[in-house]
Amino acid sequence: MNLDAPLGIDEVELPSNRVLNRLKISPEVAFYLLSRGFELPQCPPKIKTPEPSRVKGAIFSPARVDKVLRSMHVLRHTQGDFAGKPLDPLPWQVAYIFAPVFGWIIEDEDRPGVWVRIIRNVTIDVSRKAGKSTLCGAIALYLTGADDEQGAQVLAAATTKDQARFVFDPIKQLAESTPALKKFFTAVKTSVVHNRSYSSFKVVSSAADAQHGANIHGAVIDEIHVHKRKDLIDVLESGTGSRSQPLIFKITTADEGKANTPYATNRDYIEKLSRGTITDPTTYGAIFAAGADAHTSTDSSRKTAKPGYRLTPTTAFTTHDAPSTQ
C-alpha cells in the first residue's frame with residue numbers, strides 16, 4: 001500500500017463550491033469523507049485557517065488519514081456508557097481535525113521519496129464536554145507508537161500534573177488493559193513506552209520538565225486558557241527542531257476574554273491566519289463558537305459552539321465503522 005498516493009478526486013461527486021465554502025470544507029477533505037462513508041458535517045467552525053493546499057509540492061493523502069483512524073479504532077473507551085467501544089471520531093472531527101492535519105503532506109527536502117506532514121501546530125477551540133482530553137490522548141498515543149518515529153518524545157502538558165493526567169491516565173490505562181496494545185507498549189507510573197521504537201509519552205507541568213532532554217516529536221496541550229504564562233508552550237513549540245514532522249496539538253475552551261494571555265495571543269494568531277492577514281501553512285486552527293448575537297438556548301447555536309451536540313453529550317466519539325483502506 002502506498003500511503004502517499006494522491007487521491008482521485010474525480011471519482012466522487014462533490015457538492016458545489018458554494019456548499020463547501022459554507023461548510024468550510026476543502027474539496028480534498030470532502031472527497032475523503034464521502035469516499036469513506038462519512039456524511040458532510042453541518043456544523044462548520046466559526047473560524048478556520050486555510051489548509052496548506054497551495055504549498056508547492058503538497059498533496060492530500062487519504063491513506064495517511066486512514067492510518068490514523070485505523071489506529072484509533074484499536075483504542076477503547078475506558079469510562080461511562082462507551083466503555084469498551086472503539087474510539088472512532090465523528091464526521092466533524094474527521095472534517096475539521098484529522099483529515100486536514102494528517103492528510104496534507106509534502107516531500108521531505110532532506111530525504112527524497114519521504115513524505116511528511118505540512119501542518120505542525122494545531123489549535124482546536126471547542127466548548128466543554130466535547131471529549132477534548134480523550135481526543136488529546138488518542139493523538140498523543142498515535143504520535144508515540146504509530147507515527148514511524150524512532151525515539152520520539154511525546155508530552156502531555158498542562159499547568160499542573162493533576163490537569164495533565166486527565167490526558168495521560170486514560171492512555172496509560174489503555175496501554176495496560178487493551179490486548180492489542182499490551183505487546184507494543186509498556187506502561188509505568190509516569191510514562192508509556194513504545195517498545196519497538198523506544199518512543200515515550202509522559203506528563204510535564206513546567207518549562208523545566210519540558211526542557212529536560214528535549215527532542216520533542218509531539219505534544220498535547222490541554223486547556224491553554226488556564227495557562228497564565230507562555231513559557232511552557234514556548235518550550236514545547238521550540239523543542240521540535242530535530243524532528244521531520246513534529247506536531248504540537250492544543251485543544252481548549254475559550255477564556256474570559258482577557259488581553260495578553262497565552263490563550264489570547266494564540267487565538268489572535270489563528271484569527272489573523274483565517275483572515276489572510278498573515279500566512280503560515282504549518283499552523284492550523286478551528287474555533288467553534290456561536291456568534292455574538294446567537295441565542296444560546298437554540299439547537300443551532302449550541303451545535304455551532306459544540307459540534308457534537310445531541311450526538312454524544314459527554315464524549316466526542318461514536319462507534320462509526322472504521323474506514324476502509326483504499
Side-chain angles (χ1 to χ4, degrees), residues 3-66 68-69 89-107 115 117-126 267 269-294 298-309 311 320 323-324 326:
L3 283 179
D4 309 316
L7 70 168
I9 203 165
D10 294 335
E11 299 171 4
V12 173
E13 183 177 353
L14 299 179
S16 67
N17 288 334
R18 180 179 61 82
V19 171
L20 293 180
N21 289 337
R22 176 177 61 82
L23 296 178
K24 299 182 181 178
I25 295 175
S26 68
E28 293 83 3
V29 170
F31 165 85
Y32 181 81
L33 289 164
L34 296 173
S35 66
R36 269 53 177 176
F38 291 101
E39 295 182 354
L40 297 185
Q42 302 297 311
C43 51
K46 180 181 179 181
I47 296 168
K48 177 177 176 285
T49 60
E51 295 174 24
S53 58
R54 296 186 179 182
V55 172
K56 185 178 180 180
I59 65 171
F60 184 87
S61 171
R64 286 286 182 107
V65 188
D66 285 343
V68 176
L69 300 195
L90 290 164
W92 74 267
Q93 293 176 309
V94 179
Y96 302 118
I97 303 175
F98 292 102
V101 171
F102 291 94
W104 286 107
I105 57 176
I106 193 170
E107 193 170 15
W115 293 78
R117 282 187 298 273
I118 297 174
I119 293 171
R120 311 294 175 86
N121 200 315
V122 179
T123 296
I124 304 298
D125 191 331
V126 69
R267 176 153 177 167
Y269 191 71
I270 296 300
E271 291 186 3
K272 286 179 178 177
L273 288 172
S274 71
R275 295 194 300 266
T277 306
I278 58 176
T279 302
D280 178 3
T282 68
T283 296
Y284 173 83
I287 298 174
F288 293 88
D293 58 347
T298 65
D299 277 6
S300 60
S301 294
R302 288 172 178 168
K303 184 176 287 189
T304 302
K306 184 189 293 186
Y309 178 67
L311 294 174
H320 189 286
S324 60
Q326 297 184 3

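We number each residue from 1, following the sequence as shown.
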> Check this for me, if you would: do D125 and K46 make a salt bridge, where the nitrogen-to-carboxylate-oxygen distance has to be below 4.0 angstrom?
no
> Any heavy-atom pair between the side chains of W92 and F288 that's under 4.5 Å?
yes
> With rounding to the nearest 0.5 Å, note down the distance linking CD in E271 to CD1 in I278.
11.0 Å
> Kindly indicate whether the side chain of Y269, heavy atoms from C-beta on, has any atom under 4.5 Å from the side chain of T123.
no
> What heavy-atom pair brings K48 and S274 nearest, and what distance separates the two atoms?
O-CB, 3.5 Å
> Just how far is it from atom OH of Y32 to atom CZ of R64, taken to the nearest 0.5 Å?
13.0 Å
> What's the shortest heavy-atom distance between L14 and P27, and which atoms?
CD1-O, 3.8 Å
> Is the CZ atom of R54 crowded by more than 12 outside heavy atoms at less than 6.0 Å?
no
> How close do P52 and P281 get, heavy atom to heavy atom, and via which atoms?
CB-O, 3.8 Å
> To the nearest 0.5 angstrom, please state how far the OG1 atom of T283 sits from the NZ atom of K272.
13.5 Å
> Please output the side-chain donor-acceptor pairs of residues 96-107 that fall under 3.5 Å, not counting sequence neighbours, one pair per line with the distance.
residue: Y96; atom: OH; partner: L23; partner atom: O; Å: 2.5
residue: W104; atom: NE1; partner: E51; partner atom: OE1; Å: 2.8
residue: E107; atom: OE2; partner: G113; partner atom: N; Å: 2.5

> For the residue pair P41 and L33, establish whether any side-chain heavy-atom pair is separated by less than 4.5 Å.
yes
> Give the minimum heavy-atom separation between A30 and I25, together with the two atoms involved.
N-CG2, 3.6 Å
> Rounded to the nearest 0.5 Å, how far does OG of S61 lie from CZ of R117?
12.0 Å
> For a quick test of reading the model, state the closest non-hydrogen atom pair linking P62 to R36 and the distance between them.
CB-NH2, 3.5 Å
> Using side-chain contact (heavy atoms from CB on, under 4.5 Å) as the criterion, point out the one residue from D280, N121, V122, T49 that pairs with I270.
T49
> Less than 4.5 Å apart, side chain to side chain, heavy atoms only: is that true for Y284 and I118?
no
